[in-house]
Amino acid sequence: MCGESLVRLNKFISETGVCSRREADKWIESGRVTLNGARAHLGHKVADHDEVRIDGKLIGAKKKQIYIALNKPVGITCTTEPHIKDNIVEFIGLSERIFPVGRLDKDSEGLILLTNDGDIVNEILRSENEHEKEYLVSVNRPITDLALGLMASGVKIMGEMTKPCKVARIDRETFRIILTQGLNRQIRRMCSALGYRVQRLKRVRIINIDLGGLRSGEWRYLTESEVAGMLPG
């Protein structure tokens, strides 16, 4: 069929918003997905007129992709679990199903992205992509040049050395740090390992997305160029 648009089945499923491509592959392998009434297999391609069902339920057209930048206040928890008080999805208040990209601790603030696009989540969270995340950090006492240098070259936390990173002093007790990995509570653990306690931790950039003039608790939709800039190529 000349000019007919074909997409891989897992991509078609993820673009309807029901799950990520990886999850779609699992569903296909387990026999939950049918294509035009027959059991689907990995690698199948889908055309506009094809009928795709999951557990017998027809899934439809591609959902509008949502990409949001939020300046998360301290006290908001990055979870989609509705029973958890002050969860981030409830805080945003959209009717569409969205989820945070990665995490920002409850006691941290600043930039976090939310989306309904499972593929971009996988892309950003893959540590081998070396995506930069930038933070402003204030600690409980004047930080030495030696401590900043050690942080930049790598600190042993949770039994492993952190990757080298960029660190720059702002004032006596505040510095800027740019990470390309996302270990659990990494900055707080790095500071603790060097004898400091974090007083304030604010993320100001993820890859090409800056916090900009967003006030605490405010959010905005990303532009098309911002979304494109997060993806490879």
**OP:** List the steps, then state whether side chain to side chain donor-acceptor pair (under 3.5 Å) holds for Asn140 with Tyr196.
**Re:** CA-CA 6 Å; Asn140 62 322; Tyr196 298 89; over 6 Å; no
Original post:
Between Leu113 and Ile206, does a side-chain contact (heavy atoms from CB on, under 4.5 Å) hold up when you go through it step by step?
Top reply: CA-CA 8 Å; Leu113 307 178; Ile206 299 172; 3.9 Å; yes
Original post:
Should Phe12 and Ile59 be marked as a side-chain contact (heavy atoms from CB on, under 4.5 Å) after you check the CA-CA gap, both sets of side-chain angles, and the distance that decides it?
Top reply: CA-CA 10 Å; Phe12 176 87; Ile59 62 169; 4.1 Å; yes
**OP:** List the steps, then state whether side-chain contact (heavy atoms from CB on, under 4.5 Å) holds for His44 with Arg8.
**Re:** CA-CA 6 Å; His44 269 161; Arg8 289 180 73 90; over 6 Å; no
**OP:** Quick one: do Arg215 and Glu218 satisfy salt bridge (charged side-chain N to carboxylate O under 4.0 Å, His left out)? Show the steps, please.
**Re:** CA-CA 5 Å; Arg215 292 195 292 268; Glu218 286 186 342; 3.1 Å; yes
Original post:
Can you list the steps and then say if Val52 with Thr34 is a side-chain contact (heavy atoms from CB on, under 4.5 Å)?
Top reply: CA-CA 6 Å; Val52 178; Thr34 60; over 6 Å; no
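When the side chains of ILVMFWY residues are joined at heavy-atom separations under 4.5 Å, either directly or via intervening members, Val139 and Ile170 end up in two distinct hydrophobic clusters. Hydrophobic clustering of Ile, Leu, Val, Met, Phe, Trp and Tyr side chains at less than 4.5 Å, counting indirect connections, keeps Met190 apart from Met161. In the hydrophobic clustering of ILVMFWY residues, with side-chain heavy atoms under 4.5 Å counting as a link, Phe175 and Leu179 come out together. A single hydrophobic cluster is not seen to contain both Leu104 and Leu136; linkage of ILVMFWY side chains at heavy-atom distances under 4.5 Å, directly or through other members, places them apart. Linking ILVMFWY side-chain heavy atoms closer than 4.5 Å, directly or via other members, places Leu222 and Val101 in a single hydrophobic cluster.
Between the CG atom in Asp55 and the OG atom in Ser30 there is a gap of 8.0 Å [rounded to 0.5 Å]. For the atom pair OH of Tyr67 and OG1 of Thr223, the computed distance is 12.0 Å after rounding to the nearest 0.5 Å. Taking CD from Gln199 and OG1 from Thr174, the interatomic distance works out to 10.0 Å, rounded to the nearest 0.5 Å. Considering CG of Asp171 and OG of Ser138, their distance stands at 6.5 Å, rounded to 0.5 Å. Asp210 CG to Glu226 CD: the interatomic distance, rounded to the nearest 0.5 Å, is 8.5 Å. The distance from atom CD of Glu96 to atom CD1 of Ile66, rounded to the nearest 0.5 Å, is 3.5 Å.
Considering only heavy atoms from C-beta on, Ile54 comes within 4.5 Å of Val18 through its side chain. At least one side-chain heavy atom of Ile178 sits under 4.5 Å from a side-chain heavy atom of Arg205. Counting heavy atoms from C-beta outward, Ile187 and Leu201 have side chains that approach closer than 4.5 Å. Thr180 places none of its side-chain heavy atoms less than 4.5 Å from the side chain of Cys165. Under the 4.5 Å side-chain criterion, counting only non-hydrogen atoms from C-beta, Arg176 is in contact with Glu134. No side-chain heavy atom of Phe99 sits under 4.5 Å from any side-chain heavy atom of Leu114. At least one side-chain heavy atom of Ile157 sits under 4.5 Å from a side-chain heavy atom of Leu183. Residues Arg169 and Leu148 meet the side-chain proximity criterion, which asks for heavy atoms closer than 4.5 Å.
Heavy-atom contacts from other residues, nucleotides or ligands closer than 6.0 Å to CZ of Arg172 number 12 or fewer.
A salt bridge does not link Glu160 with Lys156: none of the charged nitrogens is closer than 4.0 Å to a carboxylate oxygen. The residues Glu109 and Arg203 are annotated as not salt-bridged, no charged nitrogen and carboxylate oxygen being separated by less than 4.0 angstrom. Salt-bridge formation is detected for the pair Arg188/Asp107: a Lys NZ or Arg NE/NH1/NH2 atom is positioned less than 4.0 Å from an Asp or Glu carboxylate oxygen.
By the ring-ring contact (aromatic ring centres under 6.0 Å, His included) test, Trp219 is found to be paired with Tyr221, residues two or more places apart in sequence or in another chain being considered.
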List the atom pairs, with distances to 0.1 Å, where a side-chain N or O of residues 82-90 and a protein N or O form a donor-acceptor pair under 3.5 Å, not counting sequence neighbours.
| residue | atom | partner | partner atom | Å |
| --- | --- | --- | --- | --- |
| Asn87 | OD1 | Val89 | N | 3.2 |
| Asn87 | OD1 | Glu90 | N | 2.8 |
| Asn87 | ND2 | Ile84 | O | 3.1 |

Atom pairs and distances, side-chain donor-acceptor, residues 70-77, under 3.5 Å, sequence neighbours left out:
| residue | atom | partner | partner atom | Å |
| --- | --- | --- | --- | --- |
| Asn71 | ND2 | Leu214 | O | 2.8 |
| Lys72 | NZ | Ile76 | O | 2.9 |
| Lys72 | NZ | Asp105 | O | 3.2 |
| Lys72 | NZ | Lys106 | O | 3.4 |
| Lys72 | NZ | Ser108 | O | 2.9 |

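The minimum heavy-atom distance between Arg189 and Asn184, with the atom names listed, is NE-O, 2.9 Å. Between Glu51 and Arg53, the shortest heavy-atom distance links the atoms OE2-NE, 3.0 Å. Nearest heavy-atom pair, Asn116 versus Arg97, reported as atom, atom and distance to 0.1 Å: CB-O, 3.3 Å. Nearest approach of Ile112 to Gly102, heavy atoms of both residues: CD1-O, 4.2 Å. The nearest pair of heavy atoms linking Ile143 to Met151 is CD1-CE, 4.0 Å. Val155 and Leu150 make their closest contact through CG2-O, 3.7 Å (heavy atoms, listed as atom of the first residue, atom of the second, distance).
Residue Gln181 forms a side chain to side chain donor-acceptor pair (under 3.5 Å) with just one option from Lys163, His131, Gln186, Lys133, and that option is Gln186.
At least one donor-acceptor pair under 3.5 Å links the side chain of Asp50 to the backbone N or O of Ala47.
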